[in-house]
Amino acid sequence: MRIAVVSLFPVMIREALVHGVVRRALDSGALEVHCVDPRDFATDLHRTVDDRPYGGGPGMVLKVEPLRSALRAAAARVGQGGRRIYLGAEGRRFEQGMARSALEGPGLVLLAGRYEGVDERLIDSEIDEAWSIGDYILSGGELPALVVIDAIARLLPGTLGCAQSADEESFGDGLLDWPHYTRPPVIDGLAVPAVLVSGDHAAIGRWRLQQSLGRTWLRRPDMLERRGMSGAERVLLEEFKAERGR
Ligand code: 58G
């Protein structure tokens, strides 16, 4: 998977990619991240990339020409079929399924804007989609780009999110994760749920699914509504509710 990020702060991108799963994906070659700085494509003495907004108002807007050159250089790094995505609060909410769908193509071009945004004509002519990581405004698209890269990296071959089967993983099948425990078996009088040390793997599997269903019902009923439940799952959830009442 190739990802090219167009950003005025390439160091911010590169320095965030040296840890954990993302680093391993880069080291193994499963992931390539290329940074393209629009400033390198500015043609004037001062390497200008921004200008005042037409119509007036505060702040600056990223100019078309250096951004367009940078985007085209970035697209060339990714190759044919790489979707060009603008990160902005007006975009489509980024969700797990979008990270998964990214694996189907050769890669992505991510445009991280700064200032008040980018000239809309560039969005119209050089961008395929807009994605948002949530309903808040950030000072730049770099953190959203890193969020997208991280979510994709852990799905690549040889990483954790890939090793976990889709039906086991949180969100992979539209449910929240179950609770996790490790040693010691008792701490501050709090014991690990007995089923987890029973050695009964079928019972453990049922308990985990029940916890996932119960937590999703409690915290994200919207997710459960969208996903639906099998008959067996309904029984598990009813049992969760009954136990919670006691
Ligand atoms: C208004 C303000 C329009 C992504 C800023 C455009 C990017 C939030 C997200 C911008 C972002 C998100 C310039 C700074 C986009 C540009 C960027 N803020 N929620 N800010 O994913």
Side-chain angles (χ1 to χ4, degrees), residues 1 3-17 19 21-22 31 33-42 46-75 78 82-103 105 107-155 161 170-171 220 222-223 226:
M1 162 83 24
I3 300 179
V5 185
V6 174
S7 164
L8 288 167
F9 296 89
V11 174
M12 186 176 169
I13 303 294
R14 272 194 217 101
E15 286 184 342
L17 302 177
H19 308 282
V21 168
V22 175
L31 178 66
V33 176
H34 302 276
C35 295
V36 182
D37 186 346
R39 211 171 281 287
D40 294 338
F41 296 85
H46 297 103
R47 304 213 295 164
T48 308
V49 294
D50 59 344
D51 206 342
R52 288 165 297 140
Y54 275 118
M60 300 292 269
V61 175
L62 287 169
K63 291 168 69 64
V64 170
E65 301 99 311
L67 261 190
R68 184 175 52 197
S69 303
L71 270 168
R72 289 178 182 174
V78 171
R83 291 139 75 195
R84 299 163 298 178
I85 296 155
Y86 175 64
L87 285 319
E90 71 277 29
R92 174 176 169 215
R93 173 70 58 85
F94 180 65
E95 287 179 359
Q96 190 65 26
M98 290 151 80
R100 286 190 185 286
S101 80
L103 301 178
L108 302 175
V109 175
L110 302 178
L111 171 56
R114 281 270 157 177
Y115 312 119
E116 298 315 302
V118 311
D119 189 307
E120 194 67 20
R121 293 168 295 180
L122 179 103
I123 309 283
D124 295 341
S125 60
E126 304 282 330
I127 292 294
D128 302 308
E129 297 170 47
W131 290 1
S132 164
I133 63 163
D135 288 344
Y136 33 81
I137 307 293
L138 300 168
S139 56
E142 284 78 11
L143 289 171
L146 287 166
V147 164
V148 168
I149 292 169
D150 189 290
I152 292 170
R154 58 184 295 290
L155 300 178
S170 172
F171 285 112
R220 291 295 305 275
D222 59 306
M223 280 174 61
R226 256 212 285 177

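Note that ligands are numbered from 1 as they come in the structure, with each ligand's atoms numbered from 1 the same way.
With sequence neighbours left out, Asp128 forms a side-chain hydrogen bond (donor to acceptor under 3.5 Å, both in side chains) with Arg84. Considering only residues two or more places apart in sequence or on other chains, Arg92 meets the side-chain hydrogen bond (donor to acceptor under 3.5 Å, both in side chains) condition with none of them.
In this structure, ligand 1 sits under 4.0 Å from heavy atoms belonging to Tyr86, Leu87, Gly88, Ala89, Gly113, Arg114, Tyr115, Glu116, Gly117, Ser132, Ile133, Gly134, Tyr136, Ile137, Leu138, Ser139, Gly140, Gly141, Pro144.
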*Passes side chain to side chain contact (heavy atoms under 4.5 Å, CB included), Val49 versus Lys63? Steps please.*
CA-CA 6 Å; Val49 294; Lys63 291 168 69 64; 5.9 Å; no

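Trp131 places a side-chain heavy atom less than 4.5 Å from the side chain of Arg83.
Within the structure, every pair that satisfies the side-chain hydrogen bond (donor to acceptor under 3.5 Å, both in side chains) test and touches residues 139-150, not counting sequence neighbours, is listed here: Ser7-Glu142, Arg114-Glu142.
For the atom pair CG (Leu67) and CG (Leu62), the distance works out to 5.0 Å, reported to the nearest 0.5 Å.
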